[in-house]
Peer 1: 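Structure below; questions to follow.
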Amino acid sequence: MKKALGLTVATAAMIVVSGCSKKMNQFSADYFNCNPNPLEVVGTQVPATVTGNVPAKFFVKNATVTVTPVLVYGNYQTSGTPIKYQGEKVRGNDPVVSYDLGGSVVIPANFAYTPEMIKSELYLEFNVEQGKKQYVLPRVKVADGVIATAAFANAGTVDPAIAPDKFQRIINEKYSADIRFLINQANIRPGELKTAHMEAFNNDLKAAHADTSRVIKELNISSYASPDGSLEFNTQLAERREDNTATYLEKQLKKDMITEFGELTAQFTPEDWEGFQKLVAASDIQDKQLILSVLSMYKDPEQREREIRNLANVFEALADEILPQLRYSRITASVDVIGKSDAEINHLFDTDPSKLTVDELLYAATLTEKPARKEAIYTAATRLYPNDFRGFNNLGMVKYEMGDYAAAKACFAQAQKLAPNAPEVQMNLGLIDLLNSNYDAANRYFGNAAGLNELGDALGVYYLKKGDAAAAVKAFGNSKTNNAALAQILAKDYSKAKSTLAAIATPDATTYYLMAVVGARTNNSQALTASLRQAIKLDPSMAQRAAQDLEFSKFNLSGVLN
């Protein structure tokens, strides 16, 4: 019995010594799982979570293990954030793994994506401290990488916001003058034809007729009677005022030799209750609210007049201040001002840009698709109109589209000095920061541009860069761009992505490559290979990318890539 007991105690002592003093065995790849596997770009990062199940009798009690995720690609490697686990007898604050029972470990990893990572492998490295000893265990591979579809997000393809011109080919102007009548009379008094307003009207009409850039589209006469007296009498009175005004106008047109004009129309209003109500509401007449309440209570014209006449204390004020203003004819001329034609604007830019207004110059830039001509036009606008922010903003837009981002930034900065709160400038400065990965600054600028139509695509790319595909899809809306389709792919809405890509007006190599990705993710090998061939035809470098792209790893592309 003692011998047996002695053997038992000795064995236990050996186990204790073994559990505390022996070196840690190497970890096995079978202990670990990585999510996702293969790795995938999210925004601008490659995130992963490695979980491990350490078996019993493995984790030495007096050992501390530092686990470091390492992404290896080509001749390079990038280390993630180390995390420590300790045995039961270590004095420390790190998570403990039991020797007898084993335990679970979680190793988060995150790497800033670079294109070289498209063909890579994720390893775990193990550094052990055990008492005064330090040693390294063999590293283990836990995942392949990287699916880099999200890296196609491209702020450089977003259209900057243009500050629009206000050019109008046809601008309508209206001239008018009133002829006033005495109570119950329809004859035009000579003095009414010599008022400053009437003389200005006649002069404006003659000038419009003489100007080849102006067209008199319509002349209109509207005659009125005040709402005192019977409706029958007022109807006749307003009609006579219309006839007399029309006779006068026809004579005046003949006298001024105005022979070319559009339609001459005329109408009369027997009792101008609407004008009466407006004048009363704007007046300082005592008890005007009482008068307005009568108008709202009674709709019959004669009853309205009776009720108002019963207000004897205010009717005298109405007769003196309000009713005389309602006995008139108004003559109105509608004149179209015809602006320069496209040909004239282009010719003037080529010969003498100084003869163009700023809005004509800005409009001229919309008449060409040639970046160099747009640049020249906007440069002229900044020279001739240096205080108008639109020229600088739009010149920056052209520089941006040409890929000269430093020049674009300088132009946008000058535009901001002239118009600090212009939403177009705010969005465009945000695009510059988005390109430079200054995401917080870009977000602030985009917030200042809220409501701008062009903002959706910029916000969509911002959300793609932040790894929020759902928000990106919402921001893009119905946009038909590679970036919008990419957001739909990342959100796993492949049907919508396919529709978006098919609707892109000028598809490029990226468009077809994304079509190939949709084919891969929907297991449509025919669509994949056809799209990939087209992508490589437009950009041969796509072949090398496709050869490494894990999106296509389960397909045989030898006939496409060779």
Side-chain angles (χ1 to χ4, degrees), residues 41-44 149-165 366 369 374 389-390 393-394 396-403 405 408-409 411-412 415-416 419-508 510-511 513-515 517-518:
V41 175
V42 178
T44 60
T149 304
F152 276 108
N154 187 357
T157 62
V158 176
D159 291 331
I162 186 172
D165 63 83
T366 69
E369 295 299 323
K374 284 181 181 287
F389 84 95
R390 295 175 296 172
N393 179 83
N394 296 357
M397 175 191 72
V398 175
K399 296 288 189 182
Y400 188 98
E401 292 171 345
M402 295 170 70
Y405 301 122
K409 181 179 181 180
C411 290
F412 296 147
Q416 186 185 34
N421 299 318
E424 298 89 355
V425 179
Q426 293 292 309
M427 177 190 139
N428 294 340
L429 287 168
L431 278 180
I432 295 294
D433 276 318
L434 190 60
L435 275 173
N436 293 325
S437 302
N438 299 325
Y439 299 121
D440 289 343
N443 191 35
R444 287 193 295 272
Y445 278 124
F446 292 156
N448 294 335
L452 199 63
N453 290 335
E454 298 94 333
L455 185 60
D457 280 6
L459 276 176
V461 174
Y462 166 78
Y463 287 123
L464 284 175
K465 294 293 187 180
K466 297 296 286 184
D468 191 341
V473 168
K474 184 176 180 181
F476 283 121
N478 294 320
S479 179
K480 307 301 181 186
T481 63
N482 291 335
N483 286 325
L486 174 61
Q488 292 153 6
I489 290 171
L490 297 177
K492 296 181 171 56
D493 191 344
Y494 305 124
S495 176
K496 191 170 183 180
K498 183 178 178 180
S499 175
T500 297
L501 291 165
I504 292 176
T506 308
D508 57 15
T510 299
T511 309
Y513 197 96
L514 291 175
M515 287 181 180
V517 170
V518 172

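Here, residue 1 is the first one in the sequence, and each next residue gets the next number.
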Peer 1: Are any side-chain N or O atoms of D508 and backbone N or O atoms of T511, one a donor and one an acceptor, separated by less than 3.5 Å?
Peer 2: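 Answer holds: yes.
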Peer 1: Would you check, one step at a time, whether the test side-chain contact (heavy atoms from CB on, under 4.5 Å) holds for L431 with V158?
Peer 2: CA-CA 8 Å; L431 278 180; V158 176; 3.9 Å; yes
Peer 1: Which side-chain N or O atoms in residues 466-478 pair as donor and acceptor under 3.5 Å with protein atoms at least two apart or in another chain?
Peer 2:
unit_1	atom_1	unit_2	atom_2	d
D468	OD1	A471	N	3.1

Peer 1: Quick one, D159 with E454, criterion side-chain contact (heavy atoms from CB on, under 4.5 Å). Give me CA distance, side-chain angles, the key distance, then yes/no.
Peer 2: CA-CA 7 Å; D159 291 331; E454 298 94 333; 6.0 Å; no
Peer 1: Any donor-acceptor pair under 3.5 Å linking the side chain of N154 with the backbone of G156?
Peer 2: yes
Peer 1: If you define the side chain from C-beta out and look only at heavy atoms, does anything of S495 sit under 4.5 Å from D493?
Peer 2: yes
Peer 1: State, without any angle test, whether N482 and T157 hold a side-chain donor-acceptor pair at a distance under 3.5 Å.
Peer 2: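 No, no side-chain donor-acceptor contact under 3.5 Å.
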Peer 1: When rounded to the nearest 0.5 angstrom, what distance separates CE in M427 from CE in M397?
Peer 2: 10.5 Å
Peer 1: Return the minimal non-hydrogen interatomic distance between A497 and I489, and the atom names on each side.
Peer 2: CB-CG1, 3.6 Å
Peer 1: Side chains of residues 439-447: which donor-acceptor pairs under 3.5 Å do they make with residues two or more places apart or in other chains?
Peer 2:
none

Peer 1: Taking P420's backbone N and O only, do any of them form a donor-acceptor pair with Q426's side chain (distance below 3.5 Å, no angle check)?
Peer 2: yes
Peer 1: Minimum heavy-atom separation for A155 and Y400, please, with both atom names.
Peer 2: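 Where A155 meets Y400 most closely, the heavy atoms are O-OH, 2.8 Å.
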Peer 1: Any side-chain donor-acceptor pair under 3.5 Å between D457 and S479?
Peer 2: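 Distance-only check passes for D457 and S479.
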Peer 1: Passes side-chain contact (heavy atoms from CB on, under 4.5 Å), T500 versus Q488? Steps please.
Peer 2: CA-CA 9 Å; T500 297; Q488 292 153 6; 2.9 Å; yes
Peer 1: Can you tell me how far CG of N394 sits from NZ of K399, rounded to the nearest 0.5 angstrom?
Peer 2: 13.5 Å
Peer 1: Could you tell me which non-hydrogen atom of A150 sits nearest to which non-hydrogen atom of L490, and how far apart they are?
Peer 2: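 Minimum heavy-atom contact is CB-CD1, 3.8 Å.
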Peer 1: Parallel, tilted or perpendicular for Y513 and F152, by the 30°/60° rule?
Peer 2: tilted
Peer 1: Check whether any side-chain N or O of N436 sits under 3.5 Å from a backbone N or O of I432 as a donor-acceptor pair, and report yes or no.
Peer 2: yes
Peer 1: At what distance, to the nearest 0.5 angstrom, does CG of N483 lie from CG of L514?
Peer 2: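 Between N483 CG and L514 CG, I get 9.0 Å after rounding to 0.5 Å.
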Peer 1: Grab the two heavy atoms, one from V41 and one from A151, that are nearest each other, plus how far apart they are.
Peer 2: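 Smallest interatomic distance, heavy atoms only, reads CG1-N, 4.3 Å.
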Peer 1: Is the backbone N or O of L429 less than 3.5 Å from a side-chain atom of K409, with the two atoms forming a donor-acceptor pair by type?
Peer 2: no
Peer 1: What are the two closest non-hydrogen atoms of A408 and G396, and how far apart are they?
Peer 2: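 Closest approach of A408 to G396: CB-O, 3.4 Å.
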Peer 1: Within the 3.5 Å criterion, strictly below it, is a donor on N393 or N428 matched to an acceptor on the partner's side chain?
Peer 2: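 Yes, because at least one side-chain N or O of N393 sits under 3.5 Å from a partner of the opposite role on N428.
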Peer 1: Drop me the distance from L501's CG to T510's OG1, to the nearest 0.5 angstrom.
Peer 2: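 Going from the CG atom of L501 to the OG1 atom of T510 covers 10.5 Å.
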Peer 1: Between K492 and Y494, is any pair of side-chain heavy atoms under 4.5 Å apart?
Peer 2: yes
Peer 1: Might you confirm whether atom NZ of K498 has over 12 heavy atoms from other residues, nucleotides or ligands at distances under 6.0 Å?
Peer 2: no
Peer 1: Please report the closest heavy-atom contact between L452 and A161, naming both atoms and the distance.
Peer 2: CD2-CB, 3.6 Å
